[in-house]
Amino acid sequence: MKPVYQERDDDCYDACVASILGVPLSEVRDSGVDPSIWELELSEFVSPHGWELDFVWRNLISIPTGYAILSYEAMNGDRHAVLFHNGEMIHDPAGRSFFGRNAKRMMWTIFKRRDQ
């Protein structure tokens, strides 16, 4: 994992993906594409890097092991994404070292090595 920081207000999720893959932010596909195809396109993008993705659109009782991106919408409507590894937040692409404990909506993107 190589920390990549966001360049705009809306590319925190992409910065998390770039951090896991170890690629520049400019190489990551924009997560702002059509939501109906976004999961498929992202899965296809990470596959050559040896990863599979699992998308969980709800709060989890326990934080996933391995790499996972937590995307959330705060009570005030702000949206953000941070990177976890083995249950600990390891990178905030905004450099804030904060994540929304009072989120009203959450999505986990769980990265799994294809060979596992």
Side-chain angles (χ1 to χ4, degrees):
M1 197 284 291
K2 176 183 163 194
V4 174
Y5 291 90
Q6 65 189 78
E7 296 175 356
R8 304 181 321 252
D9 286 341
D10 64 349
D11 62 359
C12 50
Y13 186 92
D14 300 332
C16 288
V17 173
S19 297
I20 293 170
L21 301 182
V23 300
L25 181 57
S26 60
E27 288 186 27
V28 177
R29 293 184 180 183
D30 185 3
S31 61
V33 299
D34 181 349
S36 65
I37 60 172
W38 171 76
E39 289 180 6
L40 176 61
E41 287 189 348
L42 183 60
S43 294
E44 290 174 352
F45 177 73
V46 302
S47 182
H49 297 275
W51 295 99
E52 293 179 347
L53 300 177
D54 187 15
F55 298 92
V56 180
W57 291 86
R58 59 182 162 70
N59 297 352
L60 295 175
I61 294 172
S62 62
I63 297 173
T65 58
Y67 287 109
I69 299 172
L70 171 62
S71 308
Y72 63 89
E73 182 178 353
M75 296 304 228
N76 66 1
D78 288 348
R79 295 179 181 185
H80 193 46
V82 292
L83 181 57
F84 279 76
H85 186 254
N86 292 332
E88 292 186 37
M89 191 187 78
I90 60 168
H91 178 55
D92 182 338
R96 294 184 276 202
S97 296
F98 171 79
F99 72 97
R101 297 184 201 291
N102 295 321
K104 65 179 179 180
R105 202 174 342 196
M106 295 178 147
M107 180 195 74
W108 287 95
T109 306
I110 303 165
F111 283 69
K112 299 177 183 176
R113 281 280 179 201
R114 275 190 310 203
D115 55 4
Q116 294 180 349

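- The shortest distance between side-chain heavy atoms of H80 and D92 falls below 4.5 Å.
- Taken together through direct or relayed side-chain contacts under 4.5 Å among Ile, Leu, Val, Met, Phe, Trp and Tyr, L40 and V17 form parts of separate hydrophobic clusters.
- Y13 is not listed as a side-chain neighbour of V28, based on a closest heavy-atom distance of 4.5 Å or more.
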Checklist entry - Between S19 and Y67, does a side-chain contact (heavy atoms from CB on, under 4.5 Å) hold up when you go through it step by step? => result CA-CA 10 Å; S19 297; Y67 287 109; over 6 Å; no
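- To the nearest 0.5 Å, the span separating CG on L25 from CD on Q6 amounts to 9.0 Å.
- Residues H49 and V23 have side chains in contact (heavy-atom distance under 4.5 Å, counting atoms from C-beta outward).
- Closest approach of A81 and P93 over heavy atoms only: O-CD, 3.3 Å.
- Under the 3.5 Å distance criterion, the side-chain polar atoms of R79 are left unmatched by any main-chain donor or acceptor of S71.
- Note that CG of L21 is 12.0 Å distant from NZ of K2, once rounded to the nearest 0.5 Å.
- Atom CG of D78 and atom CG of D9 lie 9.5 Å apart (nearest 0.5 Å).
- Here L70 contributes atom CG and I110 contributes atom CD1; the two are 10.5 Å apart, rounded to the nearest 0.5 Å.
- By the criterion of side-chain heavy atoms lying less than 4.5 angstrom apart, applied directly or through intervening Ile, Leu, Val, Met, Phe, Trp or Tyr residues, L83 is grouped together with M107 in one hydrophobic cluster.
- Looking at H91, its side chain does come within 3.5 Å of a backbone N or O of V4 through a donor-acceptor pair.
- At least one donor-acceptor pair closer than 3.5 Å links the side chain of D11 to the backbone N or O of R8.
- Closest of all the heavy-atom pairs between A15 and Y5 is CB-C, 4.0 Å.
- Side-chain contact between W51 and R113 is present, with at least one heavy-atom pair separated by less than 4.5 Å.
- In this structure, D54 and K112 have side chains that are in contact, with non-hydrogen atoms separated by less than 4.5 Å.
- I69 is listed as a side-chain neighbour of F111, based on a closest heavy-atom distance under 4.5 Å.
- Panel note: side chain N86, backbone T65; no donor-acceptor pair is recorded below 3.5 Å.
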